[in-house]
Amino acid sequence: MRTAAFLNRMPPYLFAQIDAKRDALEAQGVDVISLGIGDPDTPTPPHIVDAMAEAIRNPANHRYPDYAGSRAYRTACADWMRSRFGVEVDPATEVLALIGSKEGIAHLHTAYLDPGDWVLAPSIGYPVYSGGALMQNANTYFMPMREEDGFLADFSQVPADVLDAAKIMFLGYPNNPTGACAAEAYFDAAIAFCLEHDLLLAHDNAYCDICFDGYRAPSILERPHAKECCIEFFSLSKSYNMTGWRIAFACGNPEAVGALGTVKNNLDSGQFTAVQDAAIAALSGDQQCVADLCALYQHRRDVVVEALRAIGLECNTPKATIYVWAKVPAGETSASFATKLLEQAHVIVTPGSGYGPDGEGYIRISLTTPDDRLLEAARRIKEAMA
Ligand SMILES: *Cc1c(COP(=O)(O)O)cnc(C)c1O
């Protein structure tokens, strides 16, 4: 039997080596602290769980869902876009329910790419932007992301032949893993570029709600002309601690939403309607739970940033996301430093190189661990570096 050729071209799983080392340490009874996973550690707010408990008893929800999402869910998404960003989207044609935004992003490639086409992806970013292209036998051009440019992906130097064959540009701010945020002028320039070159701009807004110090992240759809070329992905995973529920939505340009919907019609039959009902409770309910979550992460961010700087590790102070992006010490690579921290401090961090070429030289620390464990990790890292 022979599998598809692209499977052999998939990059080796970033964490496989680290996972194996961790398993070996834990088998010996070693207490390993993981700062590697971007998965909220606190539970889904109770009013959302209660809505699910009620929805699951409704026999109407036991049947196949509406493929594009229930009318009620899509309306709740549109209402939320209006109240959160002042953005108008038509629930019938400009909103699509997703089984998590990763699913939607991956299938956007299916909707847009033929073999040999190109996508433009940030040189430090969520692996599915390029992985999805690989699965369509398409190519990825990594847009440089430099610290001195605030980690804003630079689309000014894309070679002409790549641009001719490019169909999608992916961006995501607030950014996983760098924590960078984009100003309106950057989004405006990206929109102008995509309109000029007939590209779909896919904006991943998974972290728009996890903001600190009074910062409020925008939707790209707030910007003029955005709906002519943009599709935006919002996920309930991070805002409402719902990573396990698999619920998100795409909205924006109706042709793009429709194309993604057509692919999904042929692949899946939508998300369980009870999960959509719970998501309605999240989007339309009291938003205090989101503010509480931001306060929790902001405090942890301060703990981590202070501890890293005290050790002599350079890092940013992110205005958003659940990550701190730190420089590795001179003489180390992302992988060598992550391995050293695992072996000597029994602390797992993510090597930045796993997010793309420009991630080399950095590590990502996730804030999804309580204060006492973060402090213990910092103490151990200090010891290991001494
Ligand atoms: C966590 C995350 C998401 C959310 O993915 P889901 O599939 O909706 O859980 C999307 N994009 C990025 C960059 C993320 O880090």
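Numbers here simply count residues along the sequence, with the first being 1. Start at 1 and go down the list; that is how both ligands and their atoms are numbered.
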- Closest protein heavy atom to atom 4 (C) of ligand 1, given as residue, atom name and distance to 0.1 Å: Ser101 OG, 3.4 Å

- Below 3.5 angstrom, do we get any N/O pair linking Tyr323 and ligand 1? no

- Message: Could you identify the single nearest non-hydrogen protein atom to atom 7 (O) of ligand 1 and state the distance to 0.1 Å?
- Response: Arg246 NH2, 2.7 Å

- Task: May I ask you to list the atoms of ligand 1 that are less than 4.0 angstrom from any heavy atom of Gly100?
- Result: 7 (O), 8 (O)

- Check: Lys102 N/O within less than 3.5 Å of ligand 1 N/O: yes

- Message: Assess whether a salt bridge exists between Asp198 and Lys167, defined as any Lys/Arg side-chain N lying under 4.0 Å from an Asp/Glu carboxylate O.
- Response: no

- Message: Would you say that more than 12 heavy atoms from the other residues, nucleotides or ligands in this model lie under 6.0 Å from the CD of Glu184, or not?
- Response: no

- Message: Taking distance alone, with N or O pairs closer than 3.5 Å, would you say Asn176 contacts ligand 1?
- Response: yes

- Query: Has Lys319 got its NZ or CZ under 6.0 Å from the middle of the six-membered ring of Tyr215, at an angle within 45 degrees of the ring axis?
  - Reply: yes

- Nearest to atom 15 (O) of ligand 1, what protein heavy atom do you find, and at what distance? Tyr207 OH, 2.6 Å

- Could you tell me if any non-hydrogen atom of Glu103 lies under 4.0 Å from any atom of ligand 1? no

- Query: Which of the atoms of ligand 1 are close to Ser237, meaning less than 4.0 Å from one of its heavy atoms?
  - Reply: 6 (P), 8 (O), 9 (O)

- Query: Are Glu94 and Lys227 close enough for a salt bridge, meaning some N to O gap below 4.0 Å?
  - Reply: yes

- State plainly whether the residues Asp41 and Arg300 are in salt-bridge range, i.e. N to O under 4.0 Å. yes

- Query: In terms of side-chain geometry, is the basic nitrogen of Glu376 or Arg373 positioned less than 4.0 Å from the acidic oxygen of its partner?
  - Reply: no

- Message: Checking Tyr207 against Lys238: is there a side-chain donor and acceptor pair closer than 3.5 Å?
- Response: yes

- Message: Taking only non-hydrogen atoms of Asp204, do any sit less than 4.0 angstrom from ligand 1?
- Response: yes

- Query: To the nearest 0.1 Å, how far is atom 3 (C) of ligand 1 from its closest protein heavy atom, and which atom is that?
  - Reply: Lys238 NZ, 3.4 Å

- Query: Between Trp245 and Thr44, do the side chains contain an N or O donor and an N or O acceptor separated by less than 3.5 Å?
  - Reply: yes

